[in-house]
Trainee: 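Before I ask anything, here is the structure I am working with.
In each ligand, atom 1 is the first atom listed, and ligand 1 is the first ligand listed. Both backbone and side-chain heavy atoms feed into the values below; hydrogens, waters and symmetry mates do not.
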Amino acid sequence: MSRSFFRCISGCPGDHALDEIIYKCPKCGDLLEVVHDIDALKTRSAAAWMKLFDDRYLRTTWPYGSGVWGKKEWVQPHIRDENVVSMLEGGTNLLWAERYGRELGLSDLWVKQCGVSHTGSFKDLGMTVLVSTVKQMIADGKPLRAVACASTGDTSAALAAYAAAAGLNAMVILPRGKVSTAQLVQPLANGATVLAVDGDFDACMAIVKRLAEEEGVYLANSMNSLRIEGQKTVSIEMVQQFDWQVPDWVIIPGGNLGNVSALGAGFTMMRELGLIQKLPRICVAQAAAANPLFRAYKSGWEKFQAVVAQPTLASAIQIGNPVSVKKAIRTLQKFEGVVEDATEAELADVAARADRTGLFNCPHTGVALAALEKLVGRGEIKSSDRVVVVSTANGLKFTDFKVRYHEGTLPEVPHPKHANRPVYLANDYLAVRDEVRRRLD
Ligand SMILES: *Cc1c(COP(=O)(O)O)cnc(C)c1O
Ligand SMILES: [Zn+2]
C-alpha cells in the first residue's frame with residue numbers, strides 16, 4: 001500500500017499523517033495538501049489503473065462502486081473499508097448538451113452533472129473522504145467531539161448527511177438569510193446543529209476556525225485538504241467517461257476555490273501516472289459581485305486582494321476572501337487558465353437559456369455557462385473543442401431563484417430574457433383551446 005500524507009503547499013519541510021488533527025502548516029501557516037507516493041503508485045501501469053477503475057465503476061463491491069472510493073488508492077489508501085462512509089457519491093451523468101451546444105456553434109459540449117448526487121452538489125465527493133477519515137480517527141482514539149463547517153449551504157448539507165450516516169455530531173454555521181430554503185432544511189432534517197449567524201460567509205469561517213482550535217471539533221471546510229482529495233475524482237471520472245480522453249476545456253464556477261484546485265489535482269495525477277498525456281485548459285467562472293480571482297487575473301496575477309463579497313444569486317460562491325486562492329492560482333498557471341465573471345442578469349439569463357434546451361441549472365452553473373458563452377464569443381473556445389462545464393449543484397435546490405426569474409420578480413434581473421409564465425385560464429375548453437392555437441400559430 002502506498003503512503004500518503006499532508007505537506008505544506010509552500011514547501012516547508014515535514015510530513016504530517018492524514019489522521020493528524022491539523023489544517024495548516026505549523027511553520028508558516030499556509031494550507032496543506034495531500035501528497036501521494038507516486039513512485040509506489042507507478043508500480044501499476046497506466047493501463048492497469050484504467051482497467052481497475054473501469055472494472056469498479058458503479059458496481060456493487062463495497063465501497064468501490066462509489067466514484068470516489070473506486071479510486072481509493074489515489075484518494076485515501078489508509079482508510080480501512082469498515083470506516084468508509086459512502087452514500088454512492090460520484091458516478092454522475094456527463095451529459096452531452098447537444099442542442100445548447102449547437103445554438104452556440106459547438107459540437108462537443110458536455111455538462112458534468114455533479115448536482116445529481118445524494119445531497120445535490122459536488123460537496124458529497126469531498127465529504128465522504130473527510131467523514132470517513134474522522135470515523136477512522138475516532139475509532140483509533142482521537143478525541144474529536146464533532147465535525148463542523150461554515151457554509152454557503154451545500155457544504156453543510158453534505159456534512160450533515162455524511163455525519164448522520166456515520167452517527168457523528170455535526171455543527172453547521174450559516175450566514176442567516178443567505179442560503180436557499182432547501183439548503184437550510186437539509187442539515188435540519190439530518191439532525192445537525194444549525195447555527196445561523198448574522199454575518200456573511202467569511203464571518204462564519206472565522207468563527208468555525210476558532211471553534212476548531214478551542215473546542216475539539218474537526219473542521220470540515222475545504223481548507224481541510226482531505227476534501228480536495230475526494231473532489232479531485234471529478235476530473236478522473238470525466239476523463240474515464242470519455243474513455244480516457246482529455247477534453248480541451250473545463251469550465252468551473254469558483255468561490256472558495258477549493259474545487260478548481262481539486263480539478264487540477266486530478267488531472268495532474270493522471271498525467272504523472274501516465275493515464276493521460278495532455279492537460280485541458282481551465283476556466284474559473286466567478287460572479288461579478290464576488291470576483292477577487294477575476295480581478296487578480298486581470299492584473300496579470302500581479303497581486304491578489306480579497307474583496308467584500310456583494311450579494312449574488314449564486315449564493316454558494318458569494319465569497320470575498322477565498323481560502324484556497326494560492327492553490328487556485330497555481331492550478332490556473334499550470335493549465336493555461338483563464339478567469340471570467342458574470343453579472344446577475346448574465347448568470348440568470350444564460351441559465352434560463354440553457355434550461356430551454358432541457359437542462360435545469362443552478363445559478364452557479366449559470367455563472368459557468370455565462371463564462372462559456374463569453375469564451376465562445378471571443379473565439380477562445382473553438383467550434384470543434386471538446387468542452388466540459390462542471391455543474392456544481394442541482395437546480396432543484398434553487399427553485400426560488402428559478403420561480404422568481406420566470407415571474408420577473410428578481411430585483412437583480414428586472415428584464416429576464418427567457419421568462420416563461422403560466423397562463424391562468426377558466427375551466428373552459430374553448431378558452432384553453434384558443435390559447436393552444438395561439439401558441440401554435
Ligand atoms: C461550494 C460550491 C461552489 C464553489 O466551490 P469552491 O470550492 O468554494 O470554489 C460552487 N458551486 C456550488 C453549487 C457550491 O456548492
Ligand atoms: Zn509551511
Trainee: Below 3.5 Å, N or O to N or O, backbone or side chain included: is there any such pair between L257 and ligand 1?
Mentor: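 Yes, there is a polar N/O contact under 3.5 Å.
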Trainee: Do the ring centers of W69 and W62 come within less than 6.0 Å of each other?
Mentor: no
Trainee: When you compare ligand 1 with Q231, is there at least one nitrogen or oxygen pair between them that comes in under 3.5 angstrom?
Mentor: no
Trainee: Test of understanding: given a 4.0 Å heavy-atom threshold, classify the contact between N256 and ligand 1 as side chain, backbone, both, or neither.
Mentor: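 The answer is both, backbone and side chain.
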Trainee: My understanding is that we take every heavy atom of each candidate and find the minimum distance to atom 7 (O) of ligand 1. Doing that for T152, N259, T392, which one comes out nearest?
Mentor: N259
Trainee: Considering all heavy atoms of both residues, which atom of K142 and which atom of E20 are nearest to each other, and what is their separation?
Mentor: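 Of all heavy-atom pairs spanning K142 and E20, the closest is CE-CA, 4.4 Å.
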Trainee: Can you name the side chain to side chain donor-acceptor pair (under 3.5 Å) partners of R281, sequence neighbours left out?
Mentor: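 Scan of R281 (side chain to side chain donor-acceptor pair (under 3.5 Å), adjacent residues dropped) gives none.
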Trainee: Does some side-chain heavy atom of H36 sit less than 4.5 Å from a side-chain heavy atom of E73?
Mentor: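 SC-SC contact between E73 and H36 ruled out.
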Trainee: Taking 4.0 angstrom as the limit and counting only heavy atoms of G258, give me the atoms of ligand 1 inside it, by number and element.
Mentor: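 Under 4.0 Å from G258, ligand 1 has these atoms: 6 (P), 7 (O), 9 (O).
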Trainee: Indicate the ring-plane relationship of F242 and W110, choosing parallel, tilted or perpendicular according to the 30° and 60° boundaries.
Mentor: perpendicular
Trainee: Show the atoms of ligand 1 that are less than 4.0 angstrom away from any heavy atom in I317.
Mentor: 3 (C), 4 (C), 10 (C)
Trainee: Need the ligand 1 atom indices (1-based, order shown) with element for anything under 4.0 Å from a heavy-atom of H364.
Mentor: 11 (N), 13 (C)
Trainee: If you count the atoms of ligand 1 from 1 in the order shown, which ones are under 4.0 Å from a heavy atom of G254?
Mentor: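 Those atoms are 9 (O).
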Trainee: Checking the N or O distance criterion of under 3.5 Å, is ligand 1 in contact with A393?
Mentor: no
Trainee: I need the atoms of ligand 1 closer than 4.0 Å to a non-hydrogen atom of D154, numbered in the order shown.
Mentor: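 Counting atoms of ligand 1 from 1, those under 4.0 Å from D154 are 12 (C), 13 (C), 14 (C), 15 (O).
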Trainee: Please report whether ligand 1 has a polar contact with S222, defined as an N or O pair separated by less than 3.5 Å (distance criterion only).
Mentor: no
